[in-house]
Amino acid sequence: MTTASEIRASFLRYFERHGHRIVPSSSLVPHDDPTLLFTNAGMNQFKDLFLGKERREYRRAASAQKCMRVSGKHNDLDNVGPSLRHHTFFEMLGNFSFGDYFKEGAIDLAWQLLTAEWSLPPSKLVATIFGGEGGIPRDDEAHRFWRRFLPADQIVELGLADNFWAMGDTGPCGRCSEVHYFRGRDLPCPEPVCRGVACSCDRYVELWNNVFMEFDRQVDGRLNPLPAPSIDTGMGLERVSAVLQGTISNYDTDLFAPLLARIGEVSGLTYSPTPGWPSGQASDRSNPSPETNRTNTSMRVVADHARAMTFLIADGVVPSNEWRGYVLRKIMRRAMRHGMRLGLTDPFLYRLVDVLVGEMGPAYPELAANQEAVGRMIRSEEERFDAVLTGGLPRLEEAVERAASAQGVLPGEDAFRLYDTYGLPLDFVEDLASERHVSIDRAGFDHAMEAQRDKARAKSAFEGRKIQEFSFRSEDARQALSAAGDVFEGYATTVVRAVPILAAFDESCRQVEELREGASGYLALGRTPFYLEAGGQVSDTGEIRVETGAGRAAVDGVTRIAAGWPRVHRVRLVEGAVREGDLVTAEAGAALRDATRRSHTATHLLHAALRRVLGAHVRQAGSLVAPDRLRFDFVHFSPLTRDEINALERIVAEEIRRNTIVDTEERSIDEAIAAGATALFGEKYGERVRVVSVPGFSMELCGGTHCRATGDIGQFTVVSEGGIAAGVRRIEAITGADAVAASQAARAALDEVLGLLGTTADQARSAVDRLQADVKRLTRELSRMKVESARGQQGQIAPTVAETEIAGTTLVTQKATNLAKLELRQLADAHRDRIKSGVVVIASTTDERVSIVVSVSKDLTERIQAGEIVKQVAPMVGGSGGGRPDFAEAGGKDGSRVDEMLRETRQVVERLLSGAGGTGRQPPR
Ligand code: ALA
């Protein structure tokens, strides 16, 4: 048997032999493409090459690309489970030509690979071509080229739906030609008449799509021609593996078998392979029981989704309620739901990760590198879902109950709320509802979902709009500036002299000839030392001066008109005027720049130290490199201990003392990665990259500005550590003079405290212990004295106490001041002990509050309850309260009415004792 790994390697080797550059898979998270949720085809990373916006040193490429098809134009989510050949995550093998070979070359290459290299019988291959539709003509050329290999009856003509391919609603597209493999007529087909290659049955399987890229579709639907006709192809590794391994189902190939075996192990169930091809006859097939079908379907869903979540998390996606994280969470919950159908109620998905890493790790090193983090994240999401079920199930029960007693239909809004707010997947809701014979208003659900998507779309479109619209005096002026290119000299210097102003723009980004004193605007220069915000490092600030002394502008930021154009400096004219063509000196503030360098080099040291202290799963999730601080966000699952933070500071300090020269060099991306450079997930790098290293300690791909040597950092101090999202932590730190100032400030604060304590640092602990013990003792003492004085001396009653007899019962009332709760209780107890039997009501006032306690001796609680008394008297001072029959408390706000309240207490007690308790009666006011 040929393994999938061998097939992948043989595909890439074949195209390498035919002059193609092997390009590694890009991340599942598309770089800088707001039109795309996840990478969905091999051509995504080459989009700009097709459009002619980017050039590389090769014109032929081949790749094995990680893809996800879970949303938008290419969405297979609902097919996963029932289908034997659909996936959310899959690998796409592809060859590409950027203005090199076209239809003839692509068809030749495909034919040779399938028939000569892989020995598939020509009689089993069927090609489809575009037959003409919607004003786009039939693809006569493709037909002609296929006819060299295939008889006319093995070439099928189809329409736009099948033979015109587009990445999305806009962008590169063109007619295409597919190759299908025919397995045989003895396989069953559920349709009355089999529709051949266009049928949903398993007799034919689509293997390979060759797209003849010719157009760039515009927002308004217009098809503009591409700069050069190009080729984009895609062949699902899972499908071609099934064909070459002789299975009908992708899930019976070696890509899935180990995973399904592990799912079998954890669930105690068995996955039943699909029987019957190529050896078997249709008559061999016994129909599996509905039970087996259900188990198989759920196992396929779990296997597919386990691959998807593992690859997504390894590429930096974190489950959340937004955008990409939301889709990941949805897939994870769907897998958990199907796990439940297999009887798996405890977390289990995380137990599949090691199988995947074992199988796919060699081809995708990011899996092995992130294995632990992926497992932990999956597990914590599974635990979270348990909590969701605990929170959401009662609501679901309620909603279904309501629907059952109404029309038997659960409103779409309700289903959506359960899904959106409580996280219950729709199929979960459906399952439980159908048990009670309740159906779900799907149209209403879809409507609510669409409304929410619109909101999300509006939000992301807003966030994506960051580039300012600059307008030009003329088309010539626009082209001249675009052609000038961006010349950054800031790695070597912070001052550039005698450089011309290429263009000036006013505040509204309109091109102008000059900017005068007081005005704000933008300047583009021939060369510049000003860093433009990237990789977390903030833009430089500084000054631009006309060499003749005619004008001076403060630079407070730097921005871009478009990729590849000269950067523009945001300025305010402090003095005189600047004109286009003036020669200027551009100077980035050296002190600030130095501070930024310290922050940036320290960030690299921190990153490397984190990996040493916490483990290799630590992955950068974001950063800010500013002159006055640095911030580093990273994936990790628990708060850092003080010991861990100390270890980080110690390691970074050691590297600072080593005073290693910071090394920067240009290398090819492959070389850099092979040498062990840390690259950011989801980041798109060119062919040549800048590598910044602290030899022996850290190596990162980075475009930022750095210290000459680590010793320049001087000092490094972590100022805070905390969590910012599930599994993402943030460290903030300072360097250089700021770190010195911070430790001096801490020292000064400590000195001040020690001075007040009159002790030294090593004695401080026992001094504070003594002080605290004193305070405790004095507080206790004071309390005792306050209670004593309020109660009165032995044998005497304090003057604030009133004692009366009501219906043979003693009532004690007292107005006290400034007693704490505990003291009030003690006072009430003292009165009760003295009178033995009776009712005690005490109110104590402070400046803002009234506290009331009521105590009733046990022998009377049958007749009168403390809780009832408090309920009736507290409202008189604007309060409320309650308690037990023998003891109750309340708080109030209105101190001015305490005397009145205590007087009224008499009547309340009288009424209650007489049994006229007065439920429902208004308390006297
Ligand atoms: N980009 C083409 C596809 O995905 C090859 O089918």
Side-chain angles (χ1 to χ4, degrees), residues 8 11-12 14-15 20 23 25-26 28 30 33 35-51 60-77 79 83 85-103 105-107 109-111 113-114 126-130 139 142 156 158-181 197-198 204-217 223 226 229-240 243 250:
R8 188 194 296 119
F11 178 92
L12 295 175
Y14 170 82
F15 281 102
H20 291 64
V23 178
S25 172
S26 64
L28 282 170
D33 189 344
T35 66
L36 201 56
L37 182 70
F38 293 119
T39 298
N40 66 7
M43 54 75 64
N44 292 171
Q45 65 166 320
F46 304 117
K47 184 176 167 188
D48 285 350
L49 271 89
F50 288 120
L51 294 175
R60 294 175 173 208
S63 67
Q65 172 68 48
K66 301 181 276 190
C67 293
M68 282 289 292
R69 291 198 166 172
V70 284
S71 76
K73 201 170 172 57
H74 301 285
N75 185 352
D76 290 329
L77 183 63
N79 287 325
S83 162
R85 55 187 149 84
H86 283 90
H87 308 286
T88 56
F89 168 86
F90 67 103
E91 283 179 83
M92 186 183 282
L93 304 173
N95 56 294
F96 308 91
S97 146
F98 314 110
D100 194 67
Y101 60 83
F102 197 44
K103 293 183 194 179
I107 290 172
L109 282 165
W111 183 258
L113 177 66
L114 294 174
V126 174
T128 67
I129 63 149
F130 184 67
D139 197 342
V156 177
L158 297 172
L160 280 172
D162 295 281
N163 280 113
F164 191 92
W165 197 87
M167 170 182 156
D169 295 334
T170 59
C173 56
R175 290 174 286 190
C176 62
S177 170
E178 300 160 347
V179 183
H180 292 248
Y181 187 82
V197 291
Y204 288 87
V205 54
E206 180 199 331
L207 272 191
W208 201 346
N209 189 13
N210 278 252
V211 184
F212 310 127
M213 287 287 188
E214 284 181 276
F215 312 108
D216 174 12
R217 191 173 2 223
L223 295 176
L226 288 181
S230 296
I231 291 296
D232 153 38
T233 87
M235 168 154 60
L237 176 65
E238 293 73 10
R239 289 187 184 182
V240 74
V243 166
N250 295 359

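Keep in mind that this is a model prediction, so the values were computed, not measured. The chain is numbered in sequence order, starting from 1. Note: hydrogens, waters and symmetry copies are ignored here, and every other heavy atom, side chains too, is used. When a ligand or atom number is given, it counts from 1 through the structure's own listing order.
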Over 60° means perpendicular and under 30° means parallel, so tell me whether F46 and F98 are parallel, tilted or perpendicular. tilted
Measure centre to centre between the rings of H20 and Y101, then say whether the value is under 6.0 Å. yes
Short list, please: which atoms of ligand 1 are under 4.0 Å from a heavy atom of T233? 5 (C)
With a 4.0 Å cut-off on heavy atoms, is M92 in contact with ligand 1? yes
Salt bridge flag under 4.0 Å for residues R175 and E214: yes
So which heavy atom in the protein is nearest atom 6 (O) of ligand 1, and how far is it from that ligand atom? N209 ND2, 3.1 Å
Tell me if a side-chain donor or acceptor on S25 pairs with a main-chain N or O of K66 at a distance below 3.5 Å. yes
By number and element, which atoms of ligand 1 are closer than 4.0 Å to a non-hydrogen atom of G234? 5 (C)
Under 4.0 Å from one or more heavy atoms of V211, ligand 1 contributes atoms 2 (C), 5 (C)
Residues T233 and N95: side-chain donor-acceptor under 3.5 angstrom: yes
Look only at interatomic distance and state if N40 has a nitrogen or oxygen under 3.5 Å from any nitrogen or oxygen of ligand 1. no
Considering only heavy atoms, does R69 approach ligand 1 within less than 4.0 Å through its side chain, its backbone, both, or neither? side chain
What residue and atom, counting heavy atoms only, is the protein's closest point to atom 1 (N) of ligand 1, and at what distance? D232 OD2, 2.7 Å
For S63, what residues pass the side chain to side chain contact (heavy atoms under 4.5 Å, CB included) criterion, not counting sequence neighbours? Q65, F96
